[in-house]
2 protein chains.
Amino acid sequence: MQRRNTKQRKIVLDSIQKHMGHFTADEIYLRIHTEDPHISRATVYRNLQFLADEQQIRRVKMPNSSDMYERNLDDHDHMVCRICGAVMDVGPIHSRVDQKVEKISGFSDIQHTFLFSGICPACQKKLKKQKKQ
Amino acid sequence: MQRRNTKQRKIVLDSIQKHMGHFTADEIYLRIHTEDPHISRATVYRNLQFLADEQQIRRVKMPNSSDMYERNLDDHDHMVCRICGAVMDVGPIHSRVDQKVEKISGFSDIQHTFLFSGICPACQKKLKKQKKQ
DNA sequence: ATATATGCAAATAGTTTGCAAGGAG
DNA sequence: CTCCTTGCAAACTATTTGCATATAT
């Protein structure tokens with residue numbers, strides 16, 4: 001099983017590489033589609049999976065919404081705004097907690113997904129304005 | 001808008017109360033359905049939402065699979081086996097981290113979802129056996 | 001040459017919704 | 001008597017899959 005460097009795979013990878021931030025598969029498909037209307041949705045989905053499995057990009061699992069993809073491979077966690085959905089990187093928070101949890105649970109090969117949610121500064125402002133009215 | 005105590009709502013709540021563990025909406029529907037084949041899937045889904053919103057039960061958001069529901073309302077986090085999917089409670093891990101994250105992110109009203117994954121003791125045993133063969 | 005990758009369309013799965021009928025307060 | 005809740009079926013959405021064709025190596 002050898003990987004092939006197709007035009008489409010390169011387009012998908014480039015699309016992640018040149019935008020900072022966090023995007024769903026469909027958002028990435030849409031972005032690509034405006035530039036190259038020929039590439040298919042299935043191909044974008046398949047390549048995102050592939051690239052994430054190969055660790056060339058990072059897949060971020062979100063509760064209650066689609067996985068997102070980002071180019072930042074460094075260890076870190078995420079914060080999402082409960083109003084507007086904006087996602088930002090935080091941390092990394094406490095890698096050591098994995099060892100602690102390994103001891104108390106008996107599970108091995110611990111990984112974690114830490115997701116914080118809150119109200120982002122922009123939405124806080126908007127809420128204050130609404131109150132004043 | 002006033003809550004009504006329907007027979008179906010009581011059945012759904014009871015079904016959570018009397019089983020410890022973590023279940024998807026559909027698992028709960030199936031369990032109820034064997035006892036009362038009359039109750040509909042939509043009703044079970046709606047009532048689980050309702051009861052979770054009312055904090056009578058807890059909704060646990062899982063990345064990449066359906067939300068689960070549990071009767072344990074105490075503050076805690078979760079650990080899921082990457083092989084068999086078993087879920088167990090852990091923690092609570094570090095409530096204080098929320099304040100730290102509030103400072104560095106500028107977000108307010110921080111909540112978190114910590115999900116750990118690993119290989120559960122039972123699956124560890126099975127893996128060892130497989131190696132020996 | 002040959003196995004991997006693509007594009008299309010259809011399938012899937014889990015959940016939600018519209019609506020008419022039922023029933024709790 | 002109200003209007004919240006139910007049951008049914010249809011709708012929905014994001015993602016995956018089967019298959020014939022194209023293409024990288």
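Here is the naming used below: chain letters follow the sequence lines, and residue numbers restart at 1 for every chain.
We find that CD of A/Gln49 is positioned 14 Å from P of C/dA5, with the value rounded to whole Å. Rounded to whole Å, the distance from CE on A/Met68 to C1' on D/dA14 is 13 Å. One interatomic measurement links the two molecules: CG of A/Asp36 to P of C/dT6, which rounds to 12 Å at whole-angstrom precision. The CG atom of A/Asn64 sits 13 Å away from the P atom of D/dT15 (whole-angstrom rounding). When the C1' atom of C/dT6 is taken as reference, atom CD1 of A/Ile11 falls 12 Å away, rounded to whole Å. For the pair A/Ile39 CD1 and C/dA5 P, the interatomic distance rounds to 14 Å; values are reported in whole Å. Look at OH on A/Tyr69: it is 11 Å from C1' on D/dA14, rounded to the nearest Å. Following rounding to the nearest Å, A/His38 (NE2) and D/dT21 (C1') show an atom-to-atom distance of 12 Å.
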| request: If a protein heavy atom is under 4.0 Å from the base, mark B; if only from the sugar-phosphate, S; if neither, -; do that for nucleotides 17-25 of chain C going 5' to 3'. | output: BB----BBS

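No contact: B/Glu27 has no heavy atom under 4.0 Å from any strand.
The phosphate of C/dT6 (OP1 or OP2) has a side-chain N or O of A/Asn47 nearer than 4.0 angstrom. For the pair A/Gln8 and D/dA22, the criterion of a side-chain N or O lying under 4.0 Å from OP1 or OP2 is not met. Side-chain nitrogen and oxygen atoms of A/Tyr45 include at least one within less than 4.0 Å of the OP1 or OP2 phosphate oxygen of D/dT15. Contact check, B/Ser66 against C/dA13: no side-chain N or O comes under 4.0 Å of OP1 or OP2.
For B/Gln55, the CD atom counts as loosely surrounded, since its 6.0 Å shell holds 12 or fewer non-hydrogen atoms of other residues, nucleotides or ligands. Sparse packing is recorded around NE2 of B/His38, with 12 or fewer heavy atoms of other residues, nucleotides or ligands lying under 6.0 Å away.
Between the two ends of the helix from C/dA1-D/dT25 to C/dG25-D/dC1, each summarised by a five-pair axis, the helix axis turns through 40° (rounded to 10 degrees).
The aromatic rings of A/Phe114 and A/His112 lie parallel to each other, with less than 30° between the two planes, well short of the 60° mark.
When the nearest nucleotides of DNA chain C are assigned to B/Asp26 and A/Arg41 by heavy-atom distance, the more 5′-ward of the two goes with A/Arg41.
For the pair B/Arg58 and B/Tyr69, the NZ or CZ position fails the cation-pi test of under 6.0 Å to the six-membered ring centre and within 45 degrees of the ring normal. B/Arg9 forms a cation-pi arrangement with B/Phe50, by the criterion of a distance under 6.0 Å to the ring centre and an angle within 45° of the ring axis.
For the residue pair B/His76 / B/Glu70, a side-chain donor-acceptor distance below 3.5 Å is found, with atom types taken as modelled.
There is no path of hydrophobic side-chain contacts, each under 4.5 Å, that joins A/Met62 to B/Met68. Under the 4.5 Å side-chain heavy-atom criterion for grouping Ile, Leu, Val, Met, Phe, Trp and Tyr, A/Ile16 is connected to A/Ile32 within one hydrophobic cluster.
With respect to A/Asp53 and A/Arg59, a salt bridge is recorded, a charged nitrogen being found less than 4.0 Å from a carboxylate O.
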